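Data first, discussion second: the structure below is written as structure tokens.
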Amino acid sequence: MITFSYKDDNLFCESVDLTQVADTEGTPLYVYSLSGVLSTLERFRRSFADYPHKLCFALKANSNSGLLKILAGQGVGADVVSGGELQLALNAGFPPEKIAYAGVGKTDSEIEFAIRSRIMALNIESMQELKVTAAIAERLKIVTPVAIRVNPDIDIEGHPYLTTGKSANKFGIPFSKVREAFIWAAAQPYLRPVGIHSHIGSNIVKIDPWIMNAKKLTDFIIHLKADGIELEHVDLGGGFGVDYGTVLTEQGNPLLLDPEVVIPKLIDIIKKSGCECILEPGRSIIGPHGVLLTRVLFTKQSRGKRFVVVDAGMNDLLRPSLYNAHHEILPLQYRNDKREKADIVGPVCETGDFLGLDRNLPPLQRGDLLAIMTAGAYGYTLASNYNSRPRPAEVLVEKNQYRIIREREIL
Ligand code: LLP
């Protein structure tokens, strides 16, 4: 579905005029489309057909509690990576038996909190963590379900910071040591090995790494049965790539890797293991359905270079500065003027504070409004108070209405 489109030259989110929202609520402002999120969820669900599965939304992509409550109400599970995210997931109403907890550096108190919360599985990332978890579970006298996160040494051929499944990355236990870890876990009175976990990276746009990973994990599960260990689930992580380029396509397909193509292929492989399939999508669920609205403060020229200084900066949306990530930038009021190149920069005192470089946009003036597209995932969650700037407000659009789901921060 198309969540953002021009109507009479004004950019709308569903049936809401974004200029009116920005004028009323101020900028910078995150805006999300509920119908967009629900339609993507539906695509994921359809892809599984009737194969046993859990879709665990990765809170790190967007942990707005208003949004989380809606996702929990949709029957979705949660993937969390800290005690804070676990608390948010529980507060939002995700059932503990649908929550997976990964992370290379869990503290003792976070492990205890997860065990006491009786979540679906703690995803264990090292032999040392496994031993600490066993000791804490024993002290609490709670039999604890664990999954071992494997590092399958698979290259997604993406941005180096978004690659997590290569042996050079800090995540998971190498395949050569995973069997040993499972055998050790199975012998502990207070551990119950229930699954195998992997997450090979984020914004994956190729199908081959997924297939390779599913095959490796399935073969492993089958071999593990010979050791008398029967797993219940295989968790292939998140990572479905989204289209940061063509944001207003008529086809309305914001996902570069189509779950309806990929998931049936994955199921075809893992069904031999007899395990339930878990996926942990974050970006693909919410990324394309959110924008960051910002207003032009000043324009200036310096030696043939044109700068458009806006009121949103790297503290509001870090992705361009951190990963050199491309986000389309659209004027809220479409003008068919001749375009001119400009750097769209923020107010933060850093040269690396930009939202887009060398962008061809209509001549922009003080007061004009812009939408930074595909900012629904890893936008607000990566926002900070750098330069003592308050974080933006967030609103959720539903058809022709919107509501504030987080007030603008007051420092
Ligand atoms: N599961 C685990 C264990 C993860 O580490 C991640 C993302 C996900 C699931 C969700 O992946 P997704 O479906 O969203 O691709 N800040 C970066 C993305 C970092 C992703 C880290 N892990 C960005 O802005 O692109």
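Values below: all heavy atoms of this structure, side chains included; hydrogens, waters and symmetry mates excluded. When a ligand or atom number is given, it counts from 1 through the structure's own listing order. Just so you know, residue 1 is the first one in the sequence shown, and it goes up from there. Fair warning: this is a prediction, and the values are worked out from it, not measured in the lab.
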Exercise. Could you check whether the rings of F240 and F44 sit parallel, tilted or perpendicular, using 30° and 60° as the cut-offs?
Key: perpendicular
Verify whether one side chain among [X] and [Y] offers a donor that lies under 3.5 Å from an acceptor in the other.
{"X": "E409", "Y": "N385", "answer": "yes"}
{"X": "S198", "Y": "N213", "answer": "yes"}
{"X": "T299", "Y": "R366", "answer": "no"}

Quiz item: Are the aromatic rings of F4 and F12 close, with centres under 6.0 Å apart?
Solution: no
Quiz item: Are the aromatic ring centres of F171 and H199 under 6.0 angstrom apart?
Solution: no
Using a cut-off of under 3.5 Å, which N/O atoms of ligand 1 pair up with protein N/O atoms, and what distance separates each pair?
{"residue": "ligand 1", "atom": "1 (N)", "partner": "D79", "partner atom": "OD2", "Å": "3.2"}
{"residue": "ligand 1", "atom": "1 (N)", "partner": "E280", "partner atom": "OE1", "Å": "2.6"}
{"residue": "ligand 1", "atom": "13 (O)", "partner": "G239", "partner atom": "N", "Å": "2.8"}
{"residue": "ligand 1", "atom": "13 (O)", "partner": "G282", "partner atom": "N", "Å": "2.9"}
{"residue": "ligand 1", "atom": "14 (O)", "partner": "R283", "partner atom": "N", "Å": "2.8"}
{"residue": "ligand 1", "atom": "14 (O)", "partner": "Y378", "partner atom": "OH", "Å": "2.6"}
{"residue": "ligand 1", "atom": "15 (O)", "partner": "S202", "partner atom": "OG", "Å": "2.4"}
{"residue": "ligand 1", "atom": "15 (O)", "partner": "G239", "partner atom": "N", "Å": "3.4"}
{"residue": "ligand 1", "atom": "16 (N)", "partner": "Y323", "partner atom": "OH", "Å": "2.7"}
{"residue": "ligand 1", "atom": "24 (O)", "partner": "R319", "partner atom": "NE", "Å": "2.6"}
{"residue": "ligand 1", "atom": "25 (O)", "partner": "R283", "partner atom": "NH1", "Å": "3.1"}
{"residue": "ligand 1", "atom": "25 (O)", "partner": "R283", "partner atom": "NH2", "Å": "2.8"}
{"residue": "ligand 1", "atom": "25 (O)", "partner": "R319", "partner atom": "NE", "Å": "3.3"}
{"residue": "ligand 1", "atom": "25 (O)", "partner": "R319", "partner atom": "NH2", "Å": "2.9"}

